[in-house]
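Computed over heavy atoms, backbone and side chain alike; hydrogens, waters and symmetry mates excluded.
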Amino acid sequence: MRANVLKRKISLRIKRKKRIRAKISGTQALPRISVFKSNRTLYIQAIDDTKAVTLAAVDGRKIGVKANREGAKKIAAEFAQVLKTKNITEAVFDRNGYLYHGVIATLAQALRENGIKL
């Protein structure tokens, strides 16, 4: 991929990210679930923005899954269990500027299937 195309893609994602973050925020009772997707793995964390604290996090590298749809389902199941141990059943989904498609959509759907209300 050419350098200028890659820069444009990244700048558009950052613009979407800022637009989303201006509208949503997490609290202790209703945390913000933030997703980061690299080419190899996924990272998910639940954040309380009022105290600037991470309440729970799951790293795809530690579970040993890739950044694909099957991996997203496994990470979502693991993350839902972590959230349930901390008595969190409802959250706000922050797609972090990524399009709600493919891996991100599968991740959100799998969280809903595992009992987390988004």
Any idea which heavy atoms bring [X] and [Y] closest together, and the distance?
X	Y	result
Ala56	Phe79	O-CE1, 3.8 Å
Ala108	Leu118	O-CD1, 3.7 Å
Ala80	Asn114	CB-CB, 3.5 Å
Asn68	Gly71	OD1-N, 2.8 Å
Leu111	Ala76	CD2-O, 3.6 Å
Ile88	Pro31	CG2-CG, 3.7 Å

Open item on the list: Quick check: is Leu30 connected to Val82 through a chain of hydrophobic side chains (ILVMFWY, heavy atoms under 4.5 Å apart)?
Closed with: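 No, Val82 and Leu30 fall in different hydrophobic clusters.
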Open item on the list: Taking Ile20 as the starting point, is it possible to reach Leu107 by hopping between hydrophobic residues whose side chains are less than 4.5 Å apart?
Closed with: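 In one cluster: no.
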How far does [atom1] of [X] sit from [atom2] of [Y], to the nearest 0.5 angstrom?
X	Y	atom1	atom2	value
Lys17	Ile10	NZ	CD1	12.0 Å
Ile44	Lys37	CD1	NZ	13.0 Å
Thr27	Asp48	OG1	CG	6.5 Å
Tyr100	Gln109	OH	CD	6.0 Å

Backbone N/O of [Y] and side chain of [X]: donor-acceptor pair under 3.5 Å:
X	Y	result
Asn96	Ser34	no
Arg95	Tyr98	yes
Arg112	Gly115	no

Look at atom [atom1] of [X] and say whether more than 12 heavy atoms of other residues, nucleotides or ligands are closer to it than 6.0 Å.
X	atom1	value
Arg69	CZ	no
Arg8	CZ	no
Lys84	NZ	yes

Task: Sole residue of Val103, Leu42, Asp59 in side-chain contact (heavy atoms from CB on, under 4.5 Å) with Ile75 - done: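 With Ile75 as partner, Val103, Leu42, Asp59 yield a single side-chain contact (heavy atoms from CB on, under 4.5 Å), made by Leu42.
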Open item on the list: If we check side-chain contact (heavy atoms from CB on, under 4.5 Å) with Leu83, which of these qualifies: Thr89, Ile33, Leu55?
Closed with: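 It is Ile33, the one option of Thr89, Ile33, Leu55 that forms the side-chain contact (heavy atoms from CB on, under 4.5 Å) with Leu83.
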Would you say the side chain of [Y] lies within less than 4.5 Å of the side chain of [X], judging by non-hydrogen atoms?
X	Y	value
Arg16	Leu99	yes
Arg21	Arg32	yes
Phe36	Gln45	no
Ile104	Phe93	yes

